[in-house]
Amino acid sequence: MLDKLEIKLLSEDAIVPVRVHTTDSGMDLFALEDYEVKPFTSALIRTGVAINLPVNYEGSVRLKSGITTKTGLRVQYGTVEPGYTGELGVMIDNIKGHKEVIKKGQKIAQLVVNPVVYPKPIVVDEFTINGDSERGENGFGSTGLN
């Protein structure tokens, strides 16, 4: 179990990722600088933070619900691989017809650290696990909306 995550601040203005509540799965990531995200464009927001993930773990950069509900900004999901020690960036899309402003020090995304398994892919003619499942090949929308 990973109980400590090494974090490097790459700028004196960088903010250490934090959990607001001890049971939060994600640590808030903060904008290193002010940004204007023009309508219908994307921007890579710098955090000034690097992390050192050990093998068997990955970092997920995820949205913060406040940005999604209160602005036209949408955070793109991102994966941080073990061994990557560069700056964490957050890709944000502006889906509205007006510019959106991100302020230095603003919470922009969250980082969730998860364990990873490394199964070896094998090609088969038939599935041996769940081969006769009730769901089968039924995918998107197969369970309905109600």
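Please read all numbers here as calculations on a predicted model, not as lab measurements.
- By the 4.5 Å heavy-atom criterion applied to side chains, Val49 and Leu9 are counted as neighbours.
- Across every non-hydrogen atom of Ser25 and Arg19, the tightest pair is O-NH2, 3.9 Å.
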How far apart are the C-alpha atoms of Leu44 and Val90, what are their side-chain angles, what is the distance that settles it, and do they pass the side-chain contact (heavy atoms from CB on, under 4.5 Å) test?
CA-CA 6 Å; Leu44 181 61; Val90 177; 5.8 Å; no
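- Remark: side-chain polar atoms of Thr47 are paired, donor with acceptor, to backbone N or O of Leu88 under 3.5 angstrom.
- Side chains of Thr68 and Arg74 form a contact here, defined as non-hydrogen atoms less than 4.5 Å apart.
- Two residues are said to be in side-chain contact when any heavy atoms from C-beta on lie closer than 4.5 Å; Val37 and Ile102 meet this criterion.
- Within the 4.5 Å cutoff, no side-chain heavy atoms of Ile108 are placed close to those of Val75.
- Other cluster members for Phe40: none, since no ILVMFWY side-chain heavy atom sits under 4.5 Å from it.
- Shown here for Gly105 and Ile15, the closest heavy-atom pair between the two residues is CA-CD1, 3.8 Å.
- Separating the CE atom in Met27 from the CG atom in Leu5 is a distance of 5.0 Å, to the nearest 0.5 Å.
- For the atom pair CD of Glu87 and CG of Leu32, the computed distance is 6.5 Å after rounding to the nearest 0.5 Å.
- Listed by chain and residue number, Lys104 satisfy the side chain to side chain donor-acceptor pair (under 3.5 Å) test with Asp13 (two or more places apart in sequence, or in another chain).
- A salt bridge between Asp28 and Lys107 is present, with a side-chain N of the basic residue lying under 4.0 Å from a carboxylate O of the acidic one.
- The shortest heavy-atom contact between Phe30 and Val18 is CZ-CG2, 3.8 Å.
- The minimum heavy-atom distance linking Leu73 with Glu100 is given by the pair CD2-CB, 3.6 Å.
- In this structure, Leu10 and Lys8 have side chains that are in contact, with non-hydrogen atoms separated by less than 4.5 Å.
- Side chain to side chain, Ser42 and Asp93 meet the donor-acceptor criterion of an N or O pair below 3.5 Å.
- The CD atom of Glu36 lies 3.5 Å from the NZ atom of Lys99; values are rounded to the nearest 0.5 Å.
- Side-chain heavy atoms closer than 4.5 Å link hydrophobic residues (I, L, V, M, F, W, Y) into clusters, and following such links, possibly through other members, connects Val80 to Val16.
- Looking at every heavy atom in both residues, Arg46 comes nearest to Glu33 through NH1-OE2, 3.2 Å.
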Check residues 50-63 and write down every donor-acceptor pair under 3.5 Å in which the side-chain atom is one partner and the other belongs to a residue at least two apart or another chain.
residue	atom	partner	partner atom	Å
Asn52	ND2	Glu6	OE1	2.8
Tyr57	OH	Leu2	N	3.1
Glu58	OE1	Ser60	OG	3.2
Glu58	OE2	Ser60	OG	3.0
Glu58	OE2	Asn114	ND2	3.2
Ser60	OG	Tyr77	OH	2.8

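- Met91 and Tyr35 are members of different hydrophobic clusters when ILVMFWY side chains are connected at heavy-atom separations under 4.5 Å.
- Ile45 and Ala31 get closest at one heavy-atom pair: CG2-CB, 3.9 Å.
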